[in-house]
Amino acid sequence: MQLNHAQRELTLKIVYYGPGLSGKTTNLRHLHAKASPEVRGRLLTVETHDDRTLFFDLLPVFFSTSSGFKVKVKLFTVPGQVIHNATRRIVLQGADAVVFIADSRRGATADNNAYWRNLQENMKENNLDPSQVPVVIQFNKKDLPDARTDAEIEESRRRGGEAVVGAVALRGEGVLETFHAVAQAAYRRLDMRAHLARNLGLTEAEFLGQIFRRMDLTGTALAAMYGRAAGEARSGDGR
Amino acid sequence: MNGASGNGASDGVGASRRESVLQRRLSLADMLDLPSFVEVVRSFSELYRVGIKVMDTAGDKLADVKVGHGDFCSYVFGFPEGRSRCTATVARVKDGPVAPVQSARPARGDGAEAAGIIALPCFTGLRYLVMPVRWEGDTLGRVILGPFTPEELADFPPSLTDISGVDLSRAHELVGRVRRVPERTAAQVLVHFGQVLAALVASGQRAFLATQLHIEAMLETHRDLEANNARLAQANTRLKELDRLKSTFLGTVSHELRTPLASIIGYSEMLAEGLAGALNPEQLLYVRTIVEKGESLLNLISSILDLSQIEAGRLRLVMGPVDLGSVIQTAVSSVAPQAQRKGVELEVRLPPLPQPRLAADADKLRQVVVNLLANAVKFTSSGGRVSVVMSEATAQKELAAQGYRVSVEDTGMGIRADQFENIFQSFYQVDGSSTREHGGAGLGLAIVKSLVEGHGGRVSVESEFGRGSRFTVVLPLQPPLSEHGGFSALAPMPSPGGQDRF
Ligand SMILES: Nc1nc2c(ncn2[C@@H]2O[C@H](COP(=O)(O)OP(=O)(O)OP(=O)(O)O)[C@@H](O)[C@H]2O)c(=O)[nH]1
Ligand SMILES: Nc1ncnc2c1ncn2[C@@H]1O[C@H](COP(=O)(O)OP(=O)(O)OP(=O)(O)O)[C@@H](O)[C@H]1O
Ligand SMILES: [Mg+2]
Ligand SMILES: [Mg+2]
């Protein structure tokens, strides 16, 4: 988190981590498509010709609070290929929360574990305390044969403290829910540390509302929570 | 480790890491390729015949193209009052808020409001349009278009005409060179420029971040490698140290054992010779056993000592001209008693004519032949035959040099092919139980190999299991210079060679 009181700016960083080809970039693409242009910038991707992430993807999401603070949430993906560990470590620097995109297929279990350990290692290398940085786990590619069942995913949720979301990112299923879970976790964590509600007048409801009221939530359970409120169409600083 | 780069490795691990460019807020200049951006601004200015300036939030100019208004502005600037009013206007345009406050109003024109464009009057009646450069919710700078003459301007305002000394007809003549354009048109030009700028920033940001990240990733990888190298170097040093300690320890212990053992053997021999009075037959038998076992113990210790010296790289060859034939003769005579006792026939075949001497350490070569002969006798049972054959000095293909070939052949138990390599390792014996039957420690061939290679030669084995073995030693007439006396090839961990050259 970077909090600049003079400029009245708050910047958050959320990193999508996980094995190669688990669907990190696909998640960001879907978010980009579903967010209204007034809350998001361009999707910056640096890929090889075969669509593998080379350095990172970046999707900025931003809004101004009612109290006139500019909030920017930067969503990054890391490159999943084994050889890019140094880049993963760099991209992870200063993360406020992490989404771990796992491949639901049973055959991918060893890979998921390896990258989970790799995440813990790289957190430590970056002086991030793994017990302090919230992580949301997404079980992606649930559409594929050999994918874990919902019961198995539920069991996996009970084994750890992280929020767990099942997904088929390719069809957009679970992507917004994952983002919602991680945004909420990030907010709560930063509110504990920096008292965003008290010091910035930024409540959790406003933080999430500013973002999710400007996303197309059709077909998700979130739609009921953030039904389009006409009053919010006007953005904070009259741009 | 040498030089400056070595220092970085030790304090590099986990220590303060440079902040990534991803954590930084990028300026407009970071995200634009300035030379090509300036080109774009220039062609825009020239196309629409109006000046364009682009500044970042720090007030630094990234591009500044003046078109048409230069002469008029200089003329007005030439009057003291003109100068102070001009300075105030420019300050407002460059540093004032890009908002409809402080004499500014929203500009007219399609999309002007959405783009946040404001119109600012100049005291001369000319006009500026100023547009913020917005990027992902941040303001990175401003674009200033103008000054231009608004189409609707009929005549100069009092703020120009009341400046004393201004020649109005001259001013009219000069202002005629300033582009005259409706504000809406100017605003559209600016909106369009904003779109081009956004596209340039997007691709510039991508290129900038990719390049920077590429560099960071390389540095990070380099740092990982250095940390790994440092760890390996440390482990390596430790291993070398252990190895050296092992050899030193063996050397010392063997030496300390040999001295008292030599006394034990010496006194026992004196006893056996009756120097301390006659012994009865039973006593004599016991004392002879002491001498015999003592000698085999001494041999073992000597072998260990030799090997440890070789491994420590401390064995020195005392080189001199050597007659290989007589070395072989001496060796044969020292194993002859054993062979005879065992009922093994010993045969020697030397070249009929005297052969050139070779440069070698005679004692060590004798040890080589003795070890091979001792094995041959040891592993051949009664009734068998052991022969030593020495060639004439001829070209040896293994060495690509002139040299001799010595084979020790037996009709003994033989060796299986899968053991050919192992038997040259120290302490290796094909059949561990043979120690009890034949004695020995498995050091003989290791020493043979080291000594032969120390002379620049090669040793090899052929065998038919159950029918016999042949060990062949090939020796050059002159050992290659580099291997003279030294055992660099055998030193357990060759130290990374010498001094830096540059
Ligand atoms: N069947 C299926 N395929 C998916 C799903 N999500 C992503 N994919 C596919 O998986 C492949 C990899 O997806 P990406 O999003 O590029 O993976 P990534 O994690 O960014 O990979 P790296 O950049 O190499 O680390 C693509 O072909 C996607 O279309 C899913 O839910 N189901
Ligand atoms: N001529 C041979 N015939 C059959 N086996 C042999 C012969 N020479 C060596 N070997 C095998 O190779 C092993 C290693 O030989 P080496 O001379 O190194 O040790 P050693 O004779 O057992 O003991 P040491 O020489 O230390 O007294 C022997 O134990 C034996 O098994
Ligand atoms: Mg990717
Ligand atoms: Mg031997």
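A note on names: the letters A, B, ... follow the listed sequences, proteins ahead of strands, and every chain is numbered from 1. Computation of the quantities below employed the complete heavy-atom set of this structure, encompassing side-chain atoms and omitting hydrogens, waters and symmetry-equivalent molecules.
- Between A:Asp57 and A:Thr45, the side chains place no donor N or O within less than 3.5 Å of an acceptor N or O (distance only, hydrogens not considered).
- Proximity to chain B is absent for every atom of A:Lys124, based on heavy atoms less than 4.5 angstrom apart.
- Heavy atoms of B:Ala115 lying under 4.5 Å from chain A are absent altogether.
- A:Gln210 and A:Arg214 are linked by a side-chain donor-acceptor pair at a separation below 3.5 angstrom, with hydrogens and angles left out of the test.
- In summary, the aromatic rings of A:Phe55 and A:His84 are positioned with their centroids too far apart to meet the 6.0 Å limit.
- Residue A:Val61 does not touch chain B at all, counting heavy-atom pairs closer than 4.5 Å.
- Between the B:Thr57 side chain and the B:Gly141 main chain, no donor and acceptor come within less than 3.5 Å of each other.
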